[in-house]
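Both ligands and their constituent atoms are indexed starting at 1 by order of listing.
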Amino acid sequence: MTALIETCDLAKTYVMGDQRVRALRRASLSIARGDFAAVMGPSGSGKSTFMNLLGCLDTPSKGDYVLDGQSVAGLSPDQLAALRNRKIGFVFQSFNLLPRSTALANVCLPMVYAGAARAQREAKAKAALETVGLGDRMDHRPAQLSGGQQQRVAIARALVNDPALLLADEPTGALDSRTSLEIMALFQRLNRDSQTVVIVTHEPDVAAFASRVIRFRDGKVVDDRRQEPNDAAAELAALIAGARRHEDAA
Ligand SMILES: Nc1ncnc2c1ncn2[C@@H]1O[C@H](COP(=O)(O)OP(=O)(O)OP(=O)(O)O)[C@@H](O)[C@H]1O
Ligand SMILES: [Mg+2]
């Protein structure tokens with residue numbers, strides 16, 4: 001595997017008035033193409049700060065970040081936005097969908113920014129929604145979808161420009177355990193199809209589906225290890241079978 005992401009002594013200090021918060025201190029990491037990493041650590045340890053830097057949503061105070069061979073330090077805000085649009089898909093805990101737009105329109109949005117023609121946008125958005133199992137919900141607005149379905153729309157939107165990197169900050173934080181399993185099974189399937197995935201999670205059960213766990217504390221990487229991942233689809237099937245047996249017995 002070749003490195004998709006290389007960070008070297010990445011640091012971020014937030015300045016608020018005369019107060020300085022060192023959210024990230026010298027984080028050096030390499031993430032290979034095709035990897036599936038989970039980022040863990042206590043609240044305030046710099047996980048979201050790190051993800052926002054990886055996702056080109058923010059710029060580092062110090063250090064460098066090379067994404068797919070391109071150095072991010074020194075890019076103008078416009079160049080950074082263009083790189084983000086081309087290379088990154090971002091999924092948030094709270095879905096961040098436009099409430100008045102249909103699933104299809106939400107998924108089309110990143111391609112509007114990328115300047116694609118309408119027919120092409122719709123074809124790609126439909127394909128992305130089918131990939132996440134929502135081919136029959138394209139005309140639903142977010143309020144007409146379950147939490148797990150809304151998150152799948154957000155994942156389709158993140159995937160629609162074929163990003164090199166899929167980032168997700170606590171993607172299962174707002175979901176019940178069965179729906180979390182569905183979402184993790186989807187991430188595992190995408191990863192098997194060669195998608196590079198990095199997620200933040202507080203839950204060890206969720207991190208167990210990644211191939212690598214990176215731990216932060218006080219803005220630093222304190223642990224980084226590979227593991228044999230659990231199979232989310234198998235756990236989901238077992239959960240569904242168990243629920244059925246329970247119903248049959250009742
Ligand atoms: N925009 C900001 N301005 C000032 N300080 C910030 C900002 N964003 C984060 N911080 C501070 O930086 C530190 C790291 O925050 P970060 O959001 O990266 O933590 P986290 O590991 O994601 O925590 P959580 O698990 O609670 O989401 C915290 O002390 C936080 O208060
Ligand atoms: Mg966070």
Side-chain angles (χ1 to χ4, degrees), residues 5-31 35-67 72-73 75-78 80-81 83-84 87-97 147-148 150-151 154-155 157-158 163 165-177 179-180 183-184 186-187 196-225 227:
I5 291 173
E6 290 265 13
T7 74
C8 181
D9 289 341
L10 208 60
K12 179 75 186 179
T13 302
Y14 294 107
V15 182
M16 303 176 67
D18 51 7
Q19 213 192 344
R20 296 161 67 82
V21 180
R22 293 179 70 188
L24 201 65
R25 319 169 182 232
R26 299 172 143 271
S28 298
L29 267 178
S30 169
I31 293 177
D35 213 346
F36 186 170
V39 173
M40 299 193 78
S43 183
S45 59
K47 305 180 299 292
S48 293
T49 301
F50 182 67
M51 293 291 269
N52 291 344
L53 293 176
L54 292 191
C56 303
L57 291 168
D58 205 353
T59 48
S61 312
K62 272 197 198 131
D64 196 12
Y65 166 34
V66 177
L67 168 62
V72 170
L75 291 186
S76 70
D78 282 355
L80 202 62
L83 186 67
R84 180 169 65 233
K87 303 271 184 189
I88 307 283
F90 217 122
V91 175
F92 302 90
Q93 176 173 357
S94 50
F95 322 138
N96 293 14
L97 300 173
Q150 290 181 56
Q151 193 59 301
I155 294 168
R157 180 183 58 187
L165 177 61
L166 183 61
L167 296 172
D169 196 345
E170 306 206 31
T172 63
L175 304 175
D176 62 44
S177 50
T179 312
S180 296
I183 295 299
M184 293 313 295
L186 174 57
F187 281 138
T196 311
V197 181
V198 181
I199 67 166
V200 171
T201 182
H202 279 287
E203 296 160 77
D205 290 359
V206 169
F209 299 122
S211 313
R212 175 182 180 186
V213 179
I214 300 164
R215 279 174 209 279
F216 278 78
R217 190 183 302 146
D218 298 329
K220 280 180 280 202
V221 176
V222 293
D223 194 42
D224 181 359
R225 61 185 68 191
Q227 64 183 13

The answer, listing residues by chain and number that come under 4.0 Å of ligand 1 through any heavy atom, is Tyr14, Met16, Val21, Ala23, Pro42, Ser43, Gly44, Ser45, Gly46, Lys47, Ser48, Thr49, Glu170, His202
Ser61 side-chain N/O to Thr13 backbone N/O, donor-acceptor pair under 3.5 Å:
yes
#### Entry: Geometric class of the Phe216/Phe50 ring pair [parallel <30°, tilted 30-60°, perpendicular >60°]
tilted
dist Ile88:CD1 -> Cys56:SG (nearest 0.5 Å) comes out at 5.0 Å
Is there a donor-acceptor pair closer than 3.5 Å between any side-chain N or O of Lys47 and the backbone N or O of Pro42?
-> yes
Correct closest heavy-atom pair for Gly148 and Leu175 would be N-CD2, 3.8 Å
Here the salt bridge (Lys or Arg N to Asp or Glu O under 4.0 Å) pairs for residues 203-214, sequence neighbours left out, are Asp35-Arg212, Arg212-Asp224
Sorted by chain and residue number, the side-chain hydrogen bond (donor to acceptor under 3.5 Å, both in side chains) partners of Glu6 (sequence neighbours excluded) come out as none
In short, Leu167 meets Met51 closest at the heavy-atom pair CD1-O, 3.7 Å
Are there over 12 heavy-atom neighbours, none belonging to Asn96, within less than 6.0 Å of that residue's CG? yes
Report for the Mg ion (ligand 2), protein N, O or S closer than 2.8 Å, by chain and number, lists Ser48 OG
